[in-house]
Amino acid sequence: MTDNNKAKLWGGRFSEKTDEFVEAFTASVDFDQRMYRQDIQGSLAHASMLASVGVLGSEDHEAIVKGLTEIQHEIEAGTFSWSVGLEDVHMNIEARLTEKIGDAGKRLHTGRSRNDQVATDIRLYIREACADLERELDRLLTSYLNLAEKHVDTIMPGFTHLQTAQPVTFGHHVMAWFEMALRDRGRLRDTVRRLNMSPLGSAALAGTSYPIDRQMTADLLGFDAVCENSLDAVSDRDFAIEFCAFASTTMMHLSRISEELVLWSSAQFDFIELPDRYCTGSSIMPQKKNPDVAELVRGKSGRAYGNLMNLLVLMKGQPLTYNKDNQEDKEPLFDSVDTVAGCLRAFADMIPAIEAKPDNMLEAASKGFATATDLADYLVVKGLAFRDAHEVVGKAVRFGVEQERDLSDLTLQELQNFSPKIENDVFEVLTLRGSVASRNHIGGTAPAQVKAAIERARARMLES
Ligand code: ARG
(Lines give C-alpha, C1' and ligand atoms only; values in the text may rest on other atoms or scores of the structure.)
Protein backbone atom coordinates (compact mmCIF):
# COMPACT_ATOMS: atom_id res chain seq x y z
CA MET A 1 0.00 0.00 0.00
CA THR A 2 1.28 3.42 -0.91
CA ASP A 3 1.34 6.46 1.34
CA ASN A 4 -1.32 8.02 -0.77
CA ASN A 5 -3.78 5.25 -0.02
CA LYS A 6 -2.87 5.09 3.65
CA ALA A 7 -4.40 8.53 3.96
CA LYS A 8 -7.61 7.31 2.32
CA LEU A 9 -10.28 6.25 4.76
CA TRP A 10 -11.09 3.29 2.50
CA GLY A 11 -7.49 2.49 1.52
CA GLY A 12 -7.36 -0.97 3.15
CA ARG A 13 -8.19 -3.20 0.20
CA PHE A 14 -6.17 -1.26 -2.37
CA SER A 15 -2.68 -2.12 -3.49
CA GLU A 16 -2.21 0.68 -6.00
CA LYS A 17 -2.54 4.38 -5.50
CA THR A 18 -5.45 6.16 -7.14
CA ASP A 19 -4.67 7.72 -10.48
CA GLU A 20 -4.17 11.43 -9.94
CA PHE A 21 -6.68 12.42 -12.55
CA VAL A 22 -9.21 9.91 -11.21
CA GLU A 23 -8.75 11.33 -7.75
CA ALA A 24 -9.74 14.78 -8.96
CA PHE A 25 -12.40 13.35 -11.27
CA THR A 26 -14.20 11.48 -8.50
CA ALA A 27 -13.88 14.19 -5.86
CA SER A 28 -16.82 16.34 -4.84
CA VAL A 29 -15.20 18.37 -2.09
CA ASP A 30 -15.00 21.51 -4.20
CA PHE A 31 -18.77 21.74 -4.29
CA ASP A 32 -20.06 19.66 -1.37
CA GLN A 33 -18.03 21.53 1.25
CA ARG A 34 -20.90 23.96 1.42
CA MET A 35 -22.75 21.26 3.41
CA TYR A 36 -20.13 21.28 6.17
CA ARG A 37 -22.54 22.58 8.82
CA GLN A 38 -25.16 19.98 8.02
CA ASP A 39 -22.48 17.28 7.95
CA ILE A 40 -21.26 18.25 11.40
CA GLN A 41 -24.80 18.57 12.69
CA GLY A 42 -25.58 15.05 11.43
CA SER A 43 -22.38 13.64 12.93
CA LEU A 44 -23.10 15.22 16.30
CA ALA A 45 -26.57 13.67 16.35
CA HIS A 46 -25.20 10.30 15.28
CA ALA A 47 -22.49 10.40 17.97
CA SER A 48 -25.01 11.34 20.69
CA MET A 49 -27.19 8.44 19.64
CA LEU A 50 -24.24 6.00 19.63
CA ALA A 51 -23.33 7.18 23.12
CA SER A 52 -26.89 6.89 24.35
CA VAL A 53 -27.24 3.27 23.17
CA GLY A 54 -23.82 2.40 24.62
CA VAL A 55 -21.95 1.84 21.35
CA LEU A 56 -19.71 4.83 21.99
CA GLY A 57 -18.05 5.55 25.35
CA SER A 58 -18.77 8.89 26.97
CA GLU A 59 -15.14 10.00 26.75
CA ASP A 60 -15.05 9.29 23.04
CA HIS A 61 -18.34 11.07 22.65
CA GLU A 62 -17.07 14.15 24.42
CA ALA A 63 -13.92 14.19 22.32
CA ILE A 64 -15.97 13.91 19.15
CA VAL A 65 -18.25 16.78 20.15
CA LYS A 66 -15.29 18.95 21.03
CA GLY A 67 -13.38 18.00 17.88
CA LEU A 68 -16.31 18.61 15.54
CA THR A 69 -17.08 21.94 17.18
CA GLU A 70 -13.49 23.03 16.66
CA ILE A 71 -13.54 21.85 13.08
CA GLN A 72 -16.62 23.95 12.42
CA HIS A 73 -14.74 26.97 13.77
CA GLU A 74 -11.73 26.16 11.61
CA ILE A 75 -13.91 25.97 8.52
CA GLU A 76 -15.67 29.20 9.36
CA ALA A 77 -12.39 30.95 10.09
CA GLY A 78 -11.03 29.79 6.74
CA THR A 79 -8.14 27.86 8.32
CA PHE A 80 -9.39 24.37 7.45
CA SER A 81 -7.45 22.84 4.62
CA TRP A 82 -9.65 20.93 2.23
CA SER A 83 -8.05 18.04 0.42
CA VAL A 84 -9.17 16.72 -2.94
CA GLY A 85 -7.42 13.48 -2.01
CA LEU A 86 -9.99 13.05 0.74
CA GLU A 87 -12.70 13.21 -1.90
CA ASP A 88 -15.65 14.82 -0.19
CA VAL A 89 -16.83 16.96 2.70
CA HIS A 90 -17.58 13.89 4.80
CA MET A 91 -14.12 12.34 4.63
CA ASN A 92 -12.36 15.67 4.94
CA ILE A 93 -14.10 16.36 8.20
CA GLU A 94 -13.72 12.82 9.51
CA ALA A 95 -10.00 12.71 8.68
CA ARG A 96 -9.43 16.02 10.42
CA LEU A 97 -11.36 14.76 13.44
CA THR A 98 -9.10 11.74 13.72
CA GLU A 99 -6.08 13.93 13.25
CA LYS A 100 -7.28 16.03 16.17
CA ILE A 101 -8.63 13.45 18.63
CA GLY A 102 -7.06 10.16 17.55
CA ASP A 103 -8.92 6.86 17.80
CA ALA A 104 -12.17 8.38 19.05
CA GLY A 105 -12.45 10.04 15.64
CA LYS A 106 -12.26 6.64 13.97
CA ARG A 107 -15.27 5.44 15.99
CA LEU A 108 -17.65 8.13 14.72
CA HIS A 109 -18.46 6.22 11.55
CA THR A 110 -19.71 3.17 13.49
CA GLY A 111 -23.12 2.07 12.21
CA ARG A 112 -23.11 4.69 9.50
CA SER A 113 -22.17 4.98 5.84
CA ARG A 114 -21.51 7.96 3.67
CA ASN A 115 -24.64 6.88 1.86
CA ASP A 116 -27.03 7.67 4.70
CA GLN A 117 -24.75 10.50 5.77
CA VAL A 118 -24.90 12.34 2.47
CA ALA A 119 -28.64 11.72 2.12
CA THR A 120 -29.08 13.29 5.56
CA ASP A 121 -26.84 16.24 4.80
CA ILE A 122 -28.65 17.17 1.60
CA ARG A 123 -32.05 16.98 3.27
CA LEU A 124 -30.84 19.23 6.08
CA TYR A 125 -29.31 21.59 3.54
CA ILE A 126 -32.45 21.93 1.44
CA ARG A 127 -34.60 22.30 4.55
CA GLU A 128 -32.51 25.28 5.63
CA ALA A 129 -32.44 26.74 2.14
CA CYS A 130 -36.23 26.43 2.03
CA ALA A 131 -36.59 28.35 5.29
CA ASP A 132 -34.49 31.19 3.83
CA LEU A 133 -36.41 31.09 0.57
CA GLU A 134 -39.72 31.19 2.37
CA ARG A 135 -38.65 34.41 4.08
CA GLU A 136 -37.77 35.94 0.71
CA LEU A 137 -41.04 34.75 -0.78
CA ASP A 138 -42.91 36.34 2.10
CA ARG A 139 -41.08 39.60 1.51
CA LEU A 140 -42.07 39.41 -2.14
CA LEU A 141 -45.69 38.59 -1.31
CA THR A 142 -45.83 41.62 0.98
CA SER A 143 -44.30 43.79 -1.75
CA TYR A 144 -47.03 42.69 -4.14
CA LEU A 145 -49.75 43.45 -1.59
CA ASN A 146 -48.40 46.91 -0.88
CA LEU A 147 -48.04 47.76 -4.55
CA ALA A 148 -51.53 46.44 -5.31
CA GLU A 149 -52.98 48.44 -2.44
CA LYS A 150 -51.63 51.66 -3.96
CA HIS A 151 -53.29 50.87 -7.26
CA VAL A 152 -56.76 49.47 -6.65
CA ASP A 153 -58.13 52.43 -8.63
CA THR A 154 -55.44 52.67 -11.30
CA ILE A 155 -56.90 51.69 -14.64
CA MET A 156 -54.83 49.94 -17.28
CA PRO A 157 -55.58 47.83 -20.31
CA GLY A 158 -55.88 44.12 -19.59
CA PHE A 159 -54.42 41.97 -22.35
CA THR A 160 -55.07 38.72 -24.09
CA HIS A 161 -52.73 37.83 -26.98
CA LEU A 162 -50.94 41.03 -25.91
CA GLN A 163 -53.83 42.91 -27.55
CA THR A 164 -55.97 45.26 -25.49
CA ALA A 165 -58.83 43.15 -24.19
CA GLN A 166 -60.72 44.81 -21.34
CA PRO A 167 -59.82 47.46 -18.81
CA VAL A 168 -58.55 46.20 -15.47
CA THR A 169 -56.96 47.83 -12.49
CA PHE A 170 -53.23 47.68 -11.97
CA GLY A 171 -53.92 46.51 -8.43
CA HIS A 172 -55.84 43.55 -9.83
CA HIS A 173 -52.95 42.70 -12.13
CA VAL A 174 -50.44 42.82 -9.29
CA MET A 175 -52.70 40.58 -7.23
CA ALA A 176 -52.44 38.00 -10.02
CA TRP A 177 -48.68 38.01 -9.35
CA PHE A 178 -49.45 37.55 -5.67
CA GLU A 179 -51.55 34.44 -6.37
CA MET A 180 -48.71 32.94 -8.42
CA ALA A 181 -46.20 33.54 -5.64
CA LEU A 182 -48.52 32.22 -2.95
CA ARG A 183 -48.84 28.94 -4.84
CA ASP A 184 -45.05 28.87 -5.15
CA ARG A 185 -44.84 29.14 -1.40
CA GLY A 186 -47.27 26.24 -1.10
CA ARG A 187 -45.03 24.15 -3.36
CA LEU A 188 -42.02 25.09 -1.27
CA ARG A 189 -43.78 23.96 1.89
CA ASP A 190 -44.90 20.70 0.27
CA THR A 191 -41.29 20.02 -0.66
CA VAL A 192 -40.18 20.40 2.93
CA ARG A 193 -43.07 18.32 4.23
CA ARG A 194 -41.97 15.31 2.21
CA LEU A 195 -38.22 15.71 2.58
CA ASN A 196 -38.17 16.13 6.33
CA MET A 197 -37.52 12.45 7.11
CA SER A 198 -34.34 10.98 8.47
CA PRO A 199 -32.29 8.55 6.37
CA LEU A 200 -29.75 8.10 9.21
CA GLY A 201 -29.47 4.52 10.33
CA SER A 202 -29.96 3.16 6.83
CA ALA A 203 -26.17 2.92 6.69
CA ALA A 204 -24.86 1.73 3.32
CA LEU A 205 -28.21 0.32 2.20
CA ALA A 206 -29.50 -2.46 4.44
CA GLY A 207 -29.37 -0.88 7.86
CA THR A 208 -26.88 -1.78 10.57
CA SER A 209 -26.37 -4.52 13.16
CA TYR A 210 -25.72 -2.02 15.97
CA PRO A 211 -28.59 -1.36 18.38
CA ILE A 212 -29.21 2.12 16.98
CA ASP A 213 -32.04 4.47 17.89
CA ARG A 214 -33.17 6.05 14.65
CA GLN A 215 -35.94 8.01 16.30
CA MET A 216 -33.40 9.71 18.50
CA THR A 217 -31.26 11.00 15.62
CA ALA A 218 -34.40 12.02 13.77
CA ASP A 219 -35.56 14.01 16.80
CA LEU A 220 -32.16 15.59 17.36
CA LEU A 221 -32.06 16.75 13.75
CA GLY A 222 -35.61 18.06 13.72
CA PHE A 223 -36.90 15.47 11.25
CA ASP A 224 -40.61 14.64 11.43
CA ALA A 225 -40.00 10.91 11.12
CA VAL A 226 -37.51 8.30 9.99
CA CYS A 227 -37.42 7.07 6.40
CA GLU A 228 -39.25 3.75 6.43
CA ASN A 229 -37.07 1.83 4.01
CA SER A 230 -33.28 1.80 4.16
CA LEU A 231 -32.84 1.03 0.45
CA ASP A 232 -35.08 3.90 -0.52
CA ALA A 233 -33.55 6.23 2.06
CA VAL A 234 -30.02 6.04 0.63
CA SER A 235 -31.05 6.20 -3.01
CA ASP A 236 -33.99 8.59 -3.08
CA ARG A 237 -33.37 12.01 -4.50
CA ASP A 238 -37.02 12.86 -5.25
CA PHE A 239 -36.82 15.60 -2.68
CA ALA A 240 -34.10 17.33 -4.68
CA ILE A 241 -36.19 16.94 -7.81
CA GLU A 242 -39.21 18.39 -6.04
CA PHE A 243 -37.12 21.29 -4.89
CA CYS A 244 -35.90 21.90 -8.43
CA ALA A 245 -39.49 21.70 -9.65
CA PHE A 246 -40.49 24.31 -7.10
CA ALA A 247 -37.53 26.45 -8.23
CA SER A 248 -38.49 26.03 -11.90
CA THR A 249 -42.10 27.01 -11.37
CA THR A 250 -41.13 29.98 -9.26
CA MET A 251 -38.62 31.08 -11.89
CA MET A 252 -41.22 30.61 -14.61
CA HIS A 253 -43.49 33.01 -12.72
CA LEU A 254 -40.74 35.53 -12.08
CA SER A 255 -39.81 35.29 -15.74
CA ARG A 256 -43.33 36.05 -16.93
CA ILE A 257 -43.49 39.05 -14.63
CA SER A 258 -40.04 40.14 -15.83
CA GLU A 259 -41.32 40.04 -19.37
CA GLU A 260 -44.12 42.40 -18.37
CA LEU A 261 -41.73 44.72 -16.57
CA VAL A 262 -39.47 44.82 -19.62
CA LEU A 263 -42.39 45.60 -21.93
CA TRP A 264 -44.00 48.11 -19.62
CA SER A 265 -40.81 50.06 -18.99
CA SER A 266 -40.21 50.46 -22.74
CA ALA A 267 -40.89 53.79 -24.44
CA GLN A 268 -43.67 52.08 -26.42
CA PHE A 269 -45.72 51.07 -23.35
CA ASP A 270 -44.33 53.52 -20.79
CA PHE A 271 -46.56 52.14 -18.01
CA ILE A 272 -43.91 52.02 -15.31
CA GLU A 273 -40.59 53.48 -14.32
CA LEU A 274 -38.03 51.06 -12.92
CA PRO A 275 -35.71 52.70 -10.43
CA ASP A 276 -32.26 53.53 -11.81
CA ARG A 277 -30.60 51.28 -9.27
CA TYR A 278 -32.16 48.20 -10.90
CA CYS A 279 -31.17 49.21 -14.42
CA THR A 280 -27.97 49.74 -16.35
CA GLY A 281 -26.91 51.93 -19.23
CA SER A 282 -25.44 51.26 -22.63
CA SER A 283 -21.80 51.90 -23.45
CA ILE A 284 -22.70 53.31 -26.85
CA MET A 285 -26.25 54.70 -26.66
CA PRO A 286 -26.38 57.47 -24.05
CA GLN A 287 -30.18 57.52 -23.82
CA LYS A 288 -30.52 53.88 -22.78
CA LYS A 289 -31.75 52.63 -19.45
CA ASN A 290 -31.96 48.87 -19.69
CA PRO A 291 -34.10 46.72 -17.38
CA ASP A 292 -31.21 44.31 -16.80
CA VAL A 293 -32.41 42.84 -13.53
CA ALA A 294 -35.73 41.82 -15.01
CA GLU A 295 -34.02 40.48 -18.11
CA LEU A 296 -31.53 38.46 -16.09
CA VAL A 297 -34.28 36.96 -13.97
CA ARG A 298 -36.07 35.99 -17.17
CA GLY A 299 -32.85 34.54 -18.54
CA LYS A 300 -31.99 32.62 -15.40
CA SER A 301 -35.20 30.63 -15.60
CA GLY A 302 -33.37 28.53 -18.19
CA ARG A 303 -30.88 27.39 -15.58
CA ALA A 304 -33.59 26.34 -13.20
CA TYR A 305 -35.31 24.23 -15.87
CA GLY A 306 -31.96 22.78 -16.91
CA ASN A 307 -31.22 21.75 -13.33
CA LEU A 308 -34.59 20.03 -13.02
CA MET A 309 -34.03 18.11 -16.27
CA ASN A 310 -30.51 17.31 -15.12
CA LEU A 311 -31.74 15.63 -11.94
CA LEU A 312 -34.58 13.79 -13.65
CA VAL A 313 -32.18 12.32 -16.17
CA LEU A 314 -29.58 11.67 -13.48
CA MET A 315 -32.01 9.49 -11.58
CA LYS A 316 -33.84 7.68 -14.34
CA GLY A 317 -31.20 5.08 -15.09
CA GLN A 318 -30.08 4.22 -11.60
CA PRO A 319 -30.85 0.82 -10.13
CA LEU A 320 -31.30 0.79 -6.37
CA THR A 321 -29.55 1.76 -4.25
CA TYR A 322 -26.73 4.30 -4.04
CA ASN A 323 -24.61 4.83 -7.12
CA LYS A 324 -21.83 7.33 -7.56
CA ASP A 325 -24.04 9.05 -10.13
CA ASN A 326 -25.78 10.55 -7.12
CA GLN A 327 -22.80 12.74 -6.42
CA GLU A 328 -23.87 14.66 -9.51
CA ASP A 329 -27.04 15.79 -7.74
CA LYS A 330 -25.37 18.60 -5.84
CA GLU A 331 -24.25 21.12 -8.41
CA PRO A 332 -27.64 21.45 -10.14
CA LEU A 333 -29.38 21.49 -6.79
CA PHE A 334 -27.13 24.18 -5.34
CA ASP A 335 -27.38 26.17 -8.53
CA SER A 336 -31.16 26.12 -8.28
CA VAL A 337 -30.98 27.23 -4.64
CA ASP A 338 -28.69 30.12 -5.56
CA THR A 339 -30.65 31.08 -8.65
CA VAL A 340 -34.05 31.22 -7.04
CA ALA A 341 -32.63 32.90 -3.91
CA GLY A 342 -30.98 35.64 -5.96
CA CYS A 343 -34.01 36.21 -8.15
CA LEU A 344 -36.46 36.31 -5.26
CA ARG A 345 -34.24 38.77 -3.48
CA ALA A 346 -33.94 40.98 -6.54
CA PHE A 347 -37.69 40.93 -6.99
CA ALA A 348 -38.57 41.53 -3.36
CA ASP A 349 -36.28 44.58 -3.45
CA MET A 350 -37.35 45.88 -6.85
CA ILE A 351 -41.14 45.50 -6.76
CA PRO A 352 -41.74 48.12 -4.02
CA ALA A 353 -39.62 50.58 -6.00
CA ILE A 354 -41.70 50.34 -9.19
CA GLU A 355 -43.25 53.68 -10.11
CA ALA A 356 -46.51 53.21 -12.00
CA LYS A 357 -47.63 55.84 -14.52
CA PRO A 358 -51.41 55.90 -14.14
CA ASP A 359 -51.98 58.55 -16.81
CA ASN A 360 -50.21 56.51 -19.46
CA MET A 361 -51.99 53.36 -18.39
CA LEU A 362 -55.32 55.11 -18.59
CA GLU A 363 -54.55 56.54 -21.99
CA ALA A 364 -53.54 53.14 -23.30
CA ALA A 365 -56.72 51.62 -21.91
CA SER A 366 -58.83 54.19 -23.73
CA LYS A 367 -57.39 53.01 -27.03
CA GLY A 368 -58.04 49.59 -28.46
CA PHE A 369 -61.79 49.39 -27.81
CA ALA A 370 -61.36 47.98 -24.34
CA THR A 371 -65.04 48.48 -23.52
CA ALA A 372 -66.40 46.60 -26.54
CA THR A 373 -67.48 43.68 -24.35
CA ASP A 374 -69.28 46.13 -22.09
CA LEU A 375 -71.27 47.42 -25.04
CA ALA A 376 -72.21 43.86 -26.00
CA ASP A 377 -73.28 43.12 -22.42
CA TYR A 378 -75.34 46.35 -22.45
CA LEU A 379 -77.18 45.18 -25.54
CA VAL A 380 -77.87 41.81 -23.90
CA VAL A 381 -79.50 43.64 -21.00
CA LYS A 382 -81.57 45.51 -23.60
CA GLY A 383 -82.82 42.19 -24.97
CA LEU A 384 -80.37 41.09 -27.67
CA ALA A 385 -78.89 37.58 -27.68
CA PHE A 386 -75.17 37.71 -26.85
CA ARG A 387 -74.05 36.45 -30.28
CA ASP A 388 -76.14 39.12 -32.03
CA ALA A 389 -74.81 41.76 -29.68
CA HIS A 390 -71.27 40.57 -30.46
CA GLU A 391 -71.96 41.06 -34.18
CA VAL A 392 -73.43 44.54 -33.68
CA VAL A 393 -70.48 45.70 -31.58
CA GLY A 394 -68.01 44.18 -34.04
CA LYS A 395 -69.46 46.42 -36.73
CA ALA A 396 -69.31 49.46 -34.47
CA VAL A 397 -65.65 48.69 -33.71
CA ARG A 398 -64.87 48.39 -37.41
CA PHE A 399 -66.42 51.82 -37.91
CA GLY A 400 -64.37 53.17 -35.01
CA VAL A 401 -61.17 51.70 -36.45
CA GLU A 402 -61.86 53.38 -39.81
CA GLN A 403 -62.61 56.67 -38.09
CA GLU A 404 -59.76 56.26 -35.62
CA ARG A 405 -62.18 56.92 -32.77
CA ASP A 406 -62.90 54.88 -29.66
CA LEU A 407 -66.45 53.64 -28.99
CA SER A 408 -66.94 56.25 -26.30
CA ASP A 409 -66.04 58.94 -28.86
CA LEU A 410 -68.89 57.98 -31.19
CA THR A 411 -72.09 59.99 -30.98
CA LEU A 412 -75.35 58.44 -29.82
CA GLN A 413 -76.68 58.70 -33.33
CA GLU A 414 -73.70 56.95 -34.80
CA LEU A 415 -74.05 54.18 -32.25
CA GLN A 416 -77.77 53.88 -32.90
CA ASN A 417 -76.97 53.15 -36.54
CA PHE A 418 -75.69 49.80 -35.30
CA SER A 419 -78.61 49.11 -32.97
CA PRO A 420 -81.68 51.17 -32.17
CA LYS A 421 -81.64 49.63 -28.69
CA ILE A 422 -78.71 51.88 -27.75
CA GLU A 423 -79.76 54.82 -25.60
CA ASN A 424 -78.08 57.70 -23.82
CA ASP A 425 -77.23 55.57 -20.76
CA VAL A 426 -74.75 53.68 -22.96
CA PHE A 427 -71.99 56.18 -22.19
CA GLU A 428 -71.82 55.08 -18.56
CA VAL A 429 -71.04 51.59 -19.79
CA LEU A 430 -68.48 52.79 -22.27
CA THR A 431 -66.35 54.54 -19.66
CA LEU A 432 -63.36 52.68 -18.33
CA ARG A 433 -64.34 53.29 -14.71
CA GLY A 434 -67.84 52.00 -15.34
CA SER A 435 -66.40 48.94 -17.01
CA VAL A 436 -64.08 47.94 -14.18
CA ALA A 437 -66.61 48.82 -11.48
CA SER A 438 -69.16 46.51 -13.10
CA ARG A 439 -66.92 43.45 -12.66
CA ASN A 440 -68.02 43.37 -9.10
CA HIS A 441 -67.76 39.79 -7.92
CA ILE A 442 -65.17 37.75 -6.13
CA GLY A 443 -62.06 37.57 -8.32
CA GLY A 444 -63.26 40.50 -10.48
CA THR A 445 -61.35 43.68 -11.22
CA ALA A 446 -63.74 46.19 -9.56
CA PRO A 447 -61.75 48.33 -7.11
CA ALA A 448 -63.99 47.28 -4.22
CA GLN A 449 -63.30 43.64 -5.03
CA VAL A 450 -59.57 44.15 -5.35
CA LYS A 451 -59.54 45.90 -2.00
CA ALA A 452 -61.36 42.97 -0.42
CA ALA A 453 -59.05 40.51 -2.17
CA ILE A 454 -56.01 42.28 -0.72
CA GLU A 455 -57.50 42.08 2.74
CA ARG A 456 -58.19 38.36 2.38
CA ALA A 457 -54.70 37.89 0.94
CA ARG A 458 -53.09 39.39 4.03
CA ALA A 459 -54.88 36.78 6.11
CA ARG A 460 -54.09 33.97 3.65
CA MET A 461 -50.42 34.83 3.88
CA LEU A 462 -50.48 33.96 7.56
CA GLU A 463 -52.05 30.55 6.97
CA SER A 464 -49.78 27.55 7.19
N1 ARG B 1 -19.55 12.26 -2.15
C2 ARG B 1 -20.53 11.21 -2.19
C3 ARG B 1 -21.82 11.75 -2.80
O4 ARG B 1 -21.98 12.91 -2.86
C5 ARG B 1 -20.80 10.70 -0.81
C6 ARG B 1 -21.33 9.31 -0.78
C7 ARG B 1 -20.31 8.37 -1.27
N8 ARG B 1 -20.66 7.02 -1.03
C9 ARG B 1 -20.04 6.02 -1.66
N10 ARG B 1 -20.41 4.84 -1.34
N11 ARG B 1 -19.13 6.26 -2.54
O12 ARG B 1 -22.67 11.02 -3.21
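Order of listing sets the numbers, starting from 1, for every ligand and every atom in it. The analysis underlying the following values was restricted to heavy atoms, covering all of them including side chains, and did not include hydrogens, waters or symmetry mates. Since the structure is predicted, the reported quantities are computational estimates derived from the model, not experimental observations.
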**Student:** Tell me which pairs pass side-chain hydrogen bond (donor to acceptor under 3.5 Å, both in side chains) where either residue lies in residues 250-263, with sequence neighbours left out.
**Tutor:**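 As it turns out, the side-chain hydrogen bond (donor to acceptor under 3.5 Å, both in side chains) pairs with a partner in residues 250-263, which skip direct neighbours, are His173-Glu260, Trp177-Glu260, Asp184-His253, Glu259-Arg298.
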**Student:** So, regarding Gln327 and ligand 1 (criterion: nitrogen or oxygen to nitrogen or oxygen, under 3.5 Å), is there a contact or not?
**Tutor:**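 It does: an N or O of Gln327 is found under 3.5 Å from an N or O of ligand 1.
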**Student:** Starting from atom 5 (C) of ligand 1, find the nearest protein heavy-atom neighbour and note its residue, name and distance.
**Tutor:**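 The closest heavy atom on the protein side is Asp88 OD2, 3.5 Å.
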**Student:** Nearest to atom 3 (C) of ligand 1, what protein heavy atom do you find, and at what distance?
**Tutor:**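 Scanning the protein heavy atoms, the shortest distance from atom 3 (C) of ligand 1 goes to Tyr322 OH, 3.2 Å.
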**Student:** Taking the non-hydrogen atoms of Glu87, is any one of them nearer than 4.0 angstrom to ligand 1?
**Tutor:**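 Contact absent.
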**Student:** Are Arg34 and Tyr125 in a cation-pi contact, defined as NZ or CZ under 6.0 Å from the six-membered ring centre and within 45° of the axis?
**Tutor:**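 Checked: cation-pi criterion not met.
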**Student:** How about Tyr36 and Phe80: are their ring centroids closer than 6.0 Å?
**Tutor:**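 Not under 6.0 Å, so no.
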**Student:** For atom 11 (N) of ligand 1, what's the nearest protein heavy-atom neighbour? Residue, atom name and distance, please.
**Tutor:**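 Answer, as residue, atom name and distance: Arg114 NH2, 3.6 Å.
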**Student:** Salt bridge check: are Arg194 and Asp238 linked by an N-O gap of less than 4.0 Å?
**Tutor:**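 No, no charged N to carboxylate O under 4.0 Å.
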**Student:** Using the side-chain contact (heavy atoms from CB on, under 4.5 Å) criterion, which residues pair with Ala453? Sequence neighbours excluded.
**Tutor:**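 Ala453 satisfies side-chain contact (heavy atoms from CB on, under 4.5 Å) with Arg456 once adjacent residues are dropped.
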**Student:** Would you mind checking which non-hydrogen protein atom is closest to atom 10 (N) of ligand 1, with the distance to 0.1 Å?
**Tutor:**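 In this structure, atom 10 (N) of ligand 1 has Asn115 OD1, 3.1 Å as its nearest protein heavy atom.
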**Student:** For Lys330, is at least one N or O under 3.5 Å away from an N or O on ligand 1?
**Tutor:**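 N/O-N/O distance under 3.5 Å: yes.
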**Student:** For Phe223, is the NZ or CZ atom of Arg127 found under 6.0 angstrom from the centre of its six-membered ring and inside 45 degrees of the ring axis?
**Tutor:**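 Here Arg127 passes the 6.0 Å and 45° test against Phe223.
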**Student:** Within a distance under 4.0 Å of any heavy atom of Ser28, pick out the atoms of ligand 1 and give their elements.
**Tutor:**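 In order of number, 1 (N).
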